[in-house]
Amino acid sequence: MISNWHKMAKADVLRNSPAFSRGVLFLLLLAVAGLVACRAQLSLGFQVSGLAQTGLPGLYEGQFMFFSGIGAGLAAARLYCRLSGRSGLDPLILWFTFCVLLAALSFSAINLGRPERFFYIFRSHNFSSLRFWVSLALLVYLFITVLSLAGFGRKYLMFPAVFLASAIPVLNGLLYQGMSEGRFHDFPLHSALLAPRFLASAVSCGLALLLLGLFLLRNFARFDLDAKFVKTLAAGSACALALNVFFYILGAADAFYNLSAGRARFLLLFFGGGDTLRFANIAMWLSAVLALLALLLLLLPRTRGNMHLLPWSLAMIPLSALLEQGLNFNAWAGYTPSLIELLVSAGLVSACLALFGTGGRRILRHALTPVKIF
Amino acid sequence: MRPGSRCILSVGRFSEAGKVANRSRRKFLRTFGFALAGLAGLPVLPGASPSALPAAASGNAAQNTAVPGGHAGGLKAGRWGMVIFTRKIAGVSERHKIIQACHEAHNVPDIPGRHAIKWIRNEGFARSFAVRQAPEELLNRRFLLLCNHCSNPPCVRVCPTRAGFKREDGLVLVDYGLCIGCRLCMSACPYGALSFNFCDPAPYLREIVPDFPVRERGVVEKCNFCVERLDAGLQPHCVEASGEAVIAGDLSDPESRVSRALKDNYGIRRNDPHGLEPNVHYIL
């Protein structure tokens, strides 16, 4: 029975799927467009970006935080799989983590005025800089992921991986706080709430995106997901999302009772701010509605168990986070990303998606036999 | 589950799934607990990184990492500072002369619009000091704003590559060769003293001064207190161009000219609610 299924699954994933090829081709075309835009930015400088409007963090920084958070959140999924004896999924999660971390580091590098000097962060390090710690944590996490993918000490490397994965969103939260509104001193949110909120958000997004990735790959490689496993991961994502919403409401309450200028700016993102913040107002409200709706749909066992509705509920979580954190609205007063920035971002995300799709398919192809990616 | 297929997630389980999985789970949790406890205990080890963090949090990191500065024949100070007599430069031409002297000597490009680079700039009272209520004359007066060479510079603390650094004599400088263009220093500085080279500055230079480096695209720059002149025993360009309106000297010496000027006049600094201790004073 097992060997029969093995043969069937292998035949399925080896079969050429035109939809899959077309999808990868489209992503690669987007990646090439992003590469051309990236070259333009490298030769002309940030004058082609919208960053000059504020001179401060914009789309790239937001994407960096979003993807590094997802990479960190995936460690929770790995931990769950390990504890529930489902280590067969480990290579796929590791591959997903690898792709996401690659995207995060690429966004971090492209956000620099001199991207070729990225490694100066380690060569000429400053221990009091948050950017140094975030970059170090991400790079070590990526290294551990690669080692695990190659099959070295997968079991024991999980401990430092989980530790780093917990540290990354916390450091990101503090960095985000520092960059918000362009001043390290006008804090728009409470620092002590921001770090755990980022951690909760990372876990909820990581779990949701992992499930979405599995749902997507299921279309191109016939395998079934254990319903219990899916429901448990969805419930985990919902719990993390509930914590995220809880910390967010605490932050909003703090902003209402605190009369400092920074906190007032946070409230402006929801209420008022004139024409410059109109887009931010819409995005923040949309983000809040999506988060609450996803929470409702995932908390109710009936809707959580509905496999047709579940992908939509899960998709709302990263979308909400992308709107609220990924697009970095706190730093956005008057900032609109340029076409070059949008193209570079789309290209990078497409390249990583194509990498995940092709690599993920290869992993599924060898799912029943031990496989080394590298 | 579809007929003929099997859950891929069960791969990795062994045949004696129940017992082995339970035992390995317990072992895993035990090892994981020990590892977490070990990691939590790391900060108490001597030489662990957190020794740097309290210093950073208290704002003293920059002082801890201050680099020696000054040349044998140069001007010396314990803490360089500047005093600006704002009444003496109330006219547009006086201020323009100072700005021009600084920008021309340091190859500061004249880029119009959003990408402008400014080592010294003009602002009104409300924007300079974050005070909205003052006598009419004061509200209408323009002030020269530049890097304050803070005693606790936040730009130095946040710079990941130590491109921003503080010398022992209090000068806060940028090493253009180390700057990666992350712009965190711009986020950190509450005074907006730093500018970013969004494009190549060379085409916007009317005349290139060979004694001073021309910056590249993608790096941050700011006022350097004319450190090259101080090291050569000369006063900064702005001081020379201003006549007697701007004076620079040692704020740590109570007998220096700047300290006496502050003793004899009512001087204010730019808004400092976070203890950065800016070293540029304005005599109203």
Side-chain angles (χ1 to χ4, degrees), chain A residues 1-2 4-5 8-9 44-47 49 51-53 55-57 81-83 85-90 111-115 117-118 120-121 123-132 135 155-156 158-160 162-163 178-179 182-186 222-227 229 364 367-368, chain B residues 1-2 4-13 17 20-21 24-25 28-29 31-32 35-36 39 49 52-53 55-56 61-62 64-65 113-115 154 156-163 178-184 186-190 195-200 216-220 273-274:
Chain A
M1 174 69 184
I2 290 173
N4 271 350
W5 174 78
M8 275 179 67
L44 296 170
F46 273 134
Q47 61 177 320
S49 73
L51 290 167
Q53 291 154 359
L56 296 164
C81 290
R82 175 104 189 94
L83 290 175
R86 289 178 169 91
S87 49
L89 198 61
D90 219 23
N111 187 40
L112 300 178
R114 312 285 307 182
R117 294 181 182 170
F118 177 76
Y120 282 21
I121 295 176
R123 202 190 79 178
S124 179
H125 52 267
N126 179 5
F127 289 131
S128 64
S129 171
L130 270 174
R131 169 67 72 195
F132 164 72
S135 306
K155 194 171 158 188
Y156 298 103
M158 185 180 264
F159 308 124
V162 168
F163 175 73
M179 289 184 303
R183 298 288 175 263
F184 266 80
H185 311 296
D186 294 341
R222 201 167 71 186
F223 69 94
D224 265 320
L225 290 166
D226 178 357
F229 171 80
L364 284 174
L368 289 179
Chain B
M1 193 177 286
R2 290 176 204 175
S5 66
R6 196 191 136 160
C7 175
I8 197 167
L9 306 175
S10 61
V11 176
R13 273 187 174 169
V20 175
S24 73
R25 189 181 311 170
F28 174 84
L29 283 172
T31 325
F32 188 68
L36 263 188
L39 285 170
S49 57
L53 295 179
N64 294 343
T65 56
R114 299 178 311 170
H115 304 133
V156 171
R157 200 188 313 154
V158 300
C159 178
T161 60
R162 285 187 289 174
L178 274 181
C179 179
I180 57 172
C182 68
R183 309 180 303 287
L184 277 182
M186 293 171 74
S187 290
C189 178
S195 303
F196 183 72
N197 283 285
F198 284 97
C199 53
D200 185 9
E216 295 170 307
R217 166 180 45 78
V219 299
V220 162
H274 305 286

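Naming convention: chains lettered A, B, ... in sequence-line order (proteins, then strands); numbering from 1 in each chain.
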Pair A/N126, A/R131: side-chain N/O donor-acceptor within cut-off below 3.5 Å: no
With a 4.5 angstrom heavy-atom cut-off, which part of A/I121 approaches chain B: side chain, backbone, both or neither? both
Is there side-chain contact between B/R157 and B/L184, with heavy atoms separated by less than 4.5 Å? no
Return the option, out of A/P115, A/S124, A/S135, A/A227, with the maximum number of heavy-atom pairs under 4.5 Å with chain B. A/S124
Do we get B/R183 above A/F46's six-membered ring, with its NZ or CZ under 6.0 Å from the centre and within 45° of the axis? yes
Taking every heavy-atom pair that is under 4.5 Å apart, which of B/A163, B/G181, B/P160 has the most such pairs with chain A? B/P160
Relative to the ring of B/F198, is the ring of B/F196 parallel (under 30°), tilted (30 to 60°) or perpendicular (over 60°)? perpendicular
